[in-house]
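Heavy-atom basis, side chains included; hydrogens, waters and symmetry copies ignored. All of these numbers come straight from a predicted model, not from anything done at the bench.
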Amino acid sequence: MKKSTPLRWSYGIEWAQIEIEVNKTKFHQGDTLCCMLHLQGNGRERRIKGFKIILEATRYRTLGNGYAKPIGHDYRQSIEIDTAINLESPKPLSLPFDFQIPKDICFSDRMLSWAIHIDFRRSNGSNESVTRTFEVLPRESFMEILKVAEAIFGFRENLHVREWIKDSRATRFYLEPDDKYKKQLDAILLEIIETEDGNIEGEFEFDLQERKLTDYFRAIAGKDKVRLPFLIKKEDLYDDKGRLKHEVVASYLRKQIDLALQRTS
């Protein structure tokens with residue numbers, strides 16, 4: 001078998017060497033996992049009746065002792081493969097499989113973990129298994145917009161506030177400003193969805209800094225927030241080769257930030 005790389009996860013168990021190979025190290029909502037199961041026996045007779053391969057997102061709850069307890073699955077998809085083999089043969093087995101991560105599904109966070117779980121069904125009725133966790137990020141288009149906000153404007157995302165909202169299918173990001181904007185802005189709350197046409201829609205909520213006494217009274221009354229619509233059409237987001245239009249995205253973000261700040265002056 002080939003030497004392990006970040007795209008190949010290795011497991012040594014009593015009767016075989018197992019590797020799970022994937023096409024990427026991190027995935028986004030809507031991505032396809034193209035995988036390969038490599039199985040190499042150790043020369044002893046081990047008859048495998050079939051495989052059950054599971055893609056699952058497991059929800060956890062923190063207990064009083066600090067440990068996390070699984071409390072259920074937000075998502076579960078499985079593949080059953082009946083392939084009778086005898087691992088006594090030195091010839092390795094390579095088995096391709098793939099999964100589609102839904103676009104509208106929870107991404108990884110502190111209390112949710114994504115994993116590939118492979119069960120090996122032995123001919124004698126016993127089962128053995130291996131599991132590998134991996135990270136699922138928000139949609140790639142969302143993450144690219146965030147990269148522009150970070151690279152051009154110096155904003156930093158507070159990952160503790162990142163959230164996928166099940167009812168609206170929206171993703172919520174919380175952006176904190178750098179020195180250039182922190183005297184004017186406390187934060188930007190961005191809540192967006194991707195439409196069927198590939199447009200990015202949603203809302204900005206600008207949390208403004210208090211600069212004079214009347215601003216503090218406005219903050220107490222919850223009036224220090226400016227809400228503006230968010231809309232970037234697909235043709236303004238990517239060029240005909242699928243590359244992000246960084247300058248177009250940056251120009252749009254700059255326009256909305258300036259508009260929010262003008263409303264307070």
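- With salt bridges taken as basic N to acidic carboxylate O contacts below 4.0 Å, none links Lys52 and Asp82.
- Between the OG1 atom of Thr133 and the NE2 atom of His117 there is a distance of 13.0 Å, given to the nearest 0.5 Å.
- Here Tyr252 and Phe230 bring their ring centres to under 6.0 angstrom of each other.
- The heavy-atom pair separating Phe155 from Glu150 by the smallest distance is O-CG, 3.0 Å.
- Between Glu205 and Lys225 there is no salt bridge, since none of the side-chain N atoms of the basic residue sits less than 4.0 Å from a carboxylate O of the acidic one.
- Contact check for Tyr60 versus Ile71: no side-chain heavy atoms found under the 4.5 Å cut-off.
- No more than 12 heavy atoms of other residues, nucleotides or ligands sit less than 6.0 Å from atom NZ of Lys49.
- The distance from the CD atom of Glu235 to the NZ atom of Lys245 is 7.5 Å, given to the nearest 0.5 Å.
- Residues Ile101 and Phe27 come closest through the heavy atom pair CD1-CB, 3.9 Å.
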Q.
Before you tell me yes or no, could you show the steps for Phe142 and Glu194 under side-chain contact (heavy atoms from CB on, under 4.5 Å), namely the whole-Å CA-CA distance, both residues' side-chain angles and the distance that decides it to 0.1 Å?
A. CA-CA 9 Å; Phe142 297 174; Glu194 184 175 312; 4.1 Å; yes

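- Here Glu19 does not pair with Arg132 in a salt bridge; the nearest charged N to carboxylate O distance is not below 4.0 Å.
- Both Leu228 and Leu253 are assigned to one and the same hydrophobic cluster, defined by single-linkage of ILVMFWY side chains at heavy-atom distances under 4.5 Å.
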Q.
Evaluate Arg121 against Glu80 for salt bridge (Lys or Arg N to Asp or Glu O under 4.0 Å), listing each step before the verdict.
A. CA-CA 11 Å; Arg121 299 196 307 272; Glu80 296 272 358; 2.9 Å; yes

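- Proximity of a side-chain donor or acceptor of Thr58 to a complementary backbone N or O of His73 within less than 3.5 Å is not detected.
- Aromatic rings from Tyr75 and Trp114 are positioned such that their centres are separated by under 6.0 Å.
- Ile81 and Ile116 end up in the same hydrophobic cluster when Ile, Leu, Val, Met, Phe, Trp and Tyr side chains are linked at under 4.5 Å.
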Q) Under the side-chain contact (heavy atoms from CB on, under 4.5 Å) criterion, do Leu175 and Tyr181 qualify, and how do the steps go? A) CA-CA 11 Å; Leu175 304 177; Tyr181 287 103; over 6 Å; no

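- Put simply, the side chain of Ser141 reaches to within 4.5 Å of the side chain of Ile200, judged on heavy atoms.
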Q) For Leu137 and Arg162, what are the C-alpha separation, side-chain angles and deciding distance, and is it a side-chain contact (heavy atoms from CB on, under 4.5 Å)? A) CA-CA 10 Å; Leu137 300 169; Arg162 181 189 289 180; 4.0 Å; yes

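- In terms of modelled atom types and a separation under 3.5 Å, the side chain of Asp258 and the main chain of Lys255 share no donor-acceptor contact.
- Closest non-hydrogen pair, Ile193 versus Arg169, comes out as CG2-O, 3.6 Å.
- When all heavy atoms are compared, the tightest approach of Tyr174 to Leu189 is CD1-CD1, 3.9 Å.
- Within the 4.5 Å cutoff, side-chain heavy atoms of Leu237 are placed close to those of Val249.
- The side-chain heavy atoms of Lys69 and Arg61, taken from C-beta on, include a pair separated by under 4.5 Å.
- Scanning all heavy atoms of the two residues, the minimum distance from Pro177 to Lys182 falls at CG-CA, 3.8 Å.
- Of the possible donor and acceptor atoms, one in the side chain of Gln29 sits under 3.5 Å from a partner among the backbone N and O of Ile105.
- Defined by atom type and a distance below 3.5 Å, a donor-acceptor pair is present between the side-chain atoms of Gln100 and Thr32.
- Hydrophobic cluster membership is shared by Tyr238 and Ile145, with clusters built from Ile, Leu, Val, Met, Phe, Trp and Tyr side chains linked at under 4.5 angstrom.
- No side-chain donor-acceptor contact under 3.5 Å links Asp197 to the backbone of Asn199.
- Closest approach of Ile18 and Leu37 over heavy atoms only: CG2-CD1, 3.7 Å.
- Note: Leu231 CG to Glu203 CD = 13.0 Å, rounded to the nearest 0.5 Å.
- For the residue pair Glu21 and His38, a side-chain donor N or O sits within less than 3.5 Å of a side-chain acceptor on the partner.
- Under the 4.5 Å side-chain heavy-atom criterion for Ile, Leu, Val, Met, Phe, Trp and Tyr, Ile79 and Leu95 are members of the same hydrophobic cluster.
- The shortest side-chain heavy-atom distance between Glu163 and Ile165 falls under the 4.5 Å cut-off.
- Between Phe99 and Ile53 the shortest side-chain heavy-atom distance falls below 4.5 Å.
- Counting heavy atoms from C-beta on, the side chains of Cys34 and Phe97 never come closer than 4.5 Å.
- Under the 4.0 Å criterion applied to side-chain N and carboxylate O atoms, Arg156 and Asp178 are not assigned as salt-bridge partners.
- Thr131 is not listed as a side-chain neighbour of Ile118, based on a closest heavy-atom distance of 4.5 Å or more.
- By the rule that hydrophobic residues join a cluster once side-chain heavy atoms approach within less than 4.5 Å of another member, Ile48 and Leu93 end up as members of one cluster.
- Atom CG of residue Leu190 and atom CG of residue Leu146 lie 7.0 Å apart, to the nearest 0.5 angstrom.
- For the atom pair CD (Gln262) and CD1 (Ile257), the distance works out to 12.0 Å, reported to the nearest 0.5 Å.
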Q: Would you check, one step at a time, whether the test side-chain contact (heavy atoms from CB on, under 4.5 Å) holds for Leu261 with Leu259?
A: CA-CA 5 Å; Leu261 296 178; Leu259 182 59; over 6 Å; no

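- Between the CZ atom of Phe153 and the CG atom of Leu185 there is a distance of 11.5 Å, given to the nearest 0.5 Å.
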